[in-house]
Peer 1: 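One structure coming up, written as structure tokens, with questions to follow.
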Amino acid sequence: MFRKKKKNEYEEVVEEGRDEFDVDYNDDEDFETDFVSLDEDEDEDEKPKRGGIGKKVGITFGVILAVLVVAYVGMAFYFDSHFMFNTTINGNNFALKSVEQVEKYMEQQVADYTLTLQESDGGSEQITGSEISLEYVPGDEVTELAKKQNKFLWITSLWEKPVIEAKIGVKYDENALARRIESLNCLKEENQVASVDAHPEFQNTEFVIVPEVIGTQIDTETFNKDIRESIEGFRDTLNLTDTNCYIKPRFLSDSQEVVAAKDAMNSYLGANITYDFNPNTEVVDASVISQWVIVDADMNVTFNQEAVKEYIAALATKYNTKGKPRQFTTATGNTVTVEGGGYGWKIDQDAEYNALIANIQNAETVTREPEYSSRAVNHTAMDMGNTYAEVDLTTQHMWFIKDGQIALETDIVTGNPNKGNATPQGTYSLTYKSRNKTLRGTKKPDGTYEYETPVAYWMPFNRGIGFHDATWQSSFGGSRYLSHGSHGCVNMPKDKAAALYDLIPDGCPVVCHY
């Protein structure tokens, strides 16, 4: 806008711009007056227009807001006695229903009330209100449910769908209900099948998880509680599966314990144990191990102990020779059967069980002998090998065979059978060798011994029975043992005893036969 100037100021402006603007500025007063009028008119026209529009908008907005608040609060008070949008009570839709309407509905349901039990196999059974003398008892329950609603947040019910679970005022004959429950088919023992946990099972080449099976065995405590809650809540159905009335499996397919058990069992299948019974072998591999590895009720991986021990016992039956009769070819070429004695192979079955389980748990690939409590030379029929001592109890003669050849032989005197001291037949091992020992009999009450006999060479093979020199014997062989026999030992000439002492090694087989 132009600023109002004094007359002389306008003149200066006019003079300076006269050449450029062809305007008549002679009427100085009119010029001044026109500019003044223009400013004043514009200010007076605009001010009332702007202020009026703002006031109208503010008033309109305030009125709308007030109406909305009143409407919202009004709805809140409405829900003092009505149920909010999308409200269900015990599974029944009571959206916008009044307390009176709900109570009337409940009362109407009593006469025709039926609770349907939905079973897992698709079957169903019913308990009717008339069977248990069901009655509706008006009370404050429904009113209290309405009051407990958060009424000032009623708008949230448009999308949140309030769900109310509550007891309704009813009464029934407890004894009649108990009898009706007892008569249900789903509770009969023949109709109840226990659930099965998910568990690892060997299939083809590995252990896989077999899914759980939900059975029909009823959890009676939960079942009775849920039936009563359903009746007291006027529910018309009870799904036995959804409400956990069935005893469910403890472990499911994705349970951490089941997955861990499966992985552990598969790791055991990597073991491979080859037993060396030269020249024979026995192999424990995945096909065998898979039959032994099991899980207990808590999904702990363990072994079928009985099956593993049966396998080891079978090995013992097949390969043990200790105590078994032997067909023995004597130094004279005869074949005799020798029974008894402590020589031979014998698997220590308890120790072998522990060793085998450790091999499997560590997934080891190993070739080894089983754990033995007694050993022989080899696994042939003549497991003594070709170095051994032979005692012929009939001819009273002994031989020491070394590498299949006779290295020493001599007449002997064995135990006196007439005094109950006969040398027992059997196959044994030389226990040890010792020089200059005193052999003693049973200790008597007075502290002395039945006998005390010093010997230069002592070689026991059957507890207190062994080879030794016997300088008191005047002769050896023949029938002398029947009259001058020992207490069971094999008496030898001293020089022969000395020679045998040098030849025979510890653990050497000793065969005594008739």
Side-chain angles (χ1 to χ4, degrees), residues 79 81-150 157 159-188 191-192 195 214-248:
F79 289 122
S81 58
H82 292 73
F83 291 94
M84 294 191 294
F85 296 101
N86 297 311
T87 298
T88 60
I89 302 176
N90 298 334
N92 297 307
N93 188 352
F94 290 112
L96 304 180
K97 299 294 184 183
S98 68
V99 169
E100 291 76 13
Q101 287 175 311
V102 174
E103 288 182 336
K104 185 175 181 181
Y105 173 86
M106 298 295 182
E107 188 173 1
Q108 289 173 344
Q109 297 307 303
V110 170
D112 299 322
Y113 177 77
T114 298
L115 174 63
T116 299
L117 309 177
Q118 296 177 340
E119 299 165 0
S120 63
D121 60 359
S124 64
E125 296 184 76
Q126 288 77 37
I127 298 176
T128 64
S130 59
E131 290 175 318
I132 59 174
S133 302
L134 184 67
E135 296 180 32
Y136 179 71
V137 181
D140 298 329
E141 290 87 355
V142 179
T143 302
E144 290 299 320
L145 291 176
K147 288 182 177 180
K148 287 180 181 178
Q149 298 179 110
N150 196 340
S157 68
W159 60 84
E160 288 188 351
K161 299 182 179 181
V163 175
I164 299 174
E165 298 290 335
K167 291 184 178 181
I168 305 299
V170 296
K171 68 177 182 179
Y172 52 85
D173 186 334
E174 281 279 359
N175 293 328
L177 177 60
R179 289 192 298 270
R180 180 67 187 100
I181 292 175
E182 188 178 352
S183 69
L184 292 170
N185 288 326
C186 63
L187 282 182
K188 292 181 179 178
N191 295 329
Q192 296 193 57
S195 293
I214 299 178
T216 57
Q217 189 175 12
I218 299 291
D219 181 337
T220 54
E221 182 177 348
T222 300
F223 184 62
N224 280 280
K225 176 178 69 67
D226 286 352
I227 286 179
R228 283 165 173 76
E229 288 180 355
S230 296
I231 294 171
E232 291 165 4
F234 263 141
R235 300 187 190 93
D236 56 7
T237 59
L238 173 62
N239 188 303
L240 303 191
T241 302
D242 293 345
T243 54
N244 298 319
C245 289
Y246 293 119
I247 299 176
K248 293 186 176 179

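Heavy-atom basis, side chains included; hydrogens, waters and symmetry copies ignored.
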Peer 1: Is it the case that atom NZ in Lys161 sees more than 12 heavy atoms from other parts of the structure closer than 6.0 Å?
Peer 2: no
Peer 1: Restricting to non-hydrogen atoms, name the atom on Ile247 and the atom on Ile218 that form the minimum distance, rounded to 0.1 Å.
Peer 2: CD1-O, 3.9 Å
Peer 1: Closest heavy-atom contact between Arg228 and Ile181?
Peer 2: NH1-CD1, 3.7 Å
Peer 1: Could you note down all residue pairs passing salt bridge (Lys or Arg N to Asp or Glu O under 4.0 Å) where residues 85-96 supplies at least one of them, sequence neighbours left out?
Peer 2: none
Peer 1: According to salt bridge (Lys or Arg N to Asp or Glu O under 4.0 Å), does anything in residues 115-136 pair up with another residue at least two apart or in another chain? List the pairs.
Peer 2: Glu131-Arg180, Glu135-Lys171
Peer 1: Would you indicate whether the side-chain heavy atoms of Thr114 and Ile127 approach each other to under 4.5 Å?
Peer 2: no
Peer 1: Evaluate the side-chain proximity of Tyr172 to Ile231: yes if any heavy-atom separation is below 4.5 Å, no if none is.
Peer 2: yes
Peer 1: A side-chain contact here means heavy atoms from C-beta on lying under 4.5 Å apart; do Val170 and Tyr113 qualify?
Peer 2: no
Peer 1: Are Cys186 and Asn191 packed together at the side-chain level, in the sense that at least one heavy-atom pair is separated by less than 4.5 angstrom?
Peer 2: no
Peer 1: Over 60° means perpendicular and under 30° means parallel, so classify the ring planes of Phe79 and Phe85, tilted if in between.
Peer 2: perpendicular
Peer 1: For the residue pair Thr87 and Lys97, establish whether any side-chain heavy-atom pair is separated by less than 4.5 Å.
Peer 2: no
Peer 1: Under the salt bridge (Lys or Arg N to Asp or Glu O under 4.0 Å) test, which residues partner Arg179, sequence neighbours left out?
Peer 2: none
Peer 1: What's the separation between atom CG in Leu240 and atom CD1 in Ile227, rounded to the nearest 0.5 Å?
Peer 2: 7.5 Å
Peer 1: Taking the side chain as every heavy atom from C-beta outward, state whether Thr243 and Thr222 have any atom pair closer than 4.5 Å.
Peer 2: no
Peer 1: Flag the pair Ser195 / Tyr246 as yes when at least one side-chain heavy-atom distance between them is below 4.5 Å, and no otherwise.
Peer 2: no
Peer 1: Applying side-chain contact (heavy atoms from CB on, under 4.5 Å) between Phe83 and each of Val102, Leu96, Asn93, report the one that passes.
Peer 2: Val102
Peer 1: Would you mind reporting whether Ser98 and Ser81 have side-chain heavy atoms less than 4.5 Å apart?
Peer 2: no
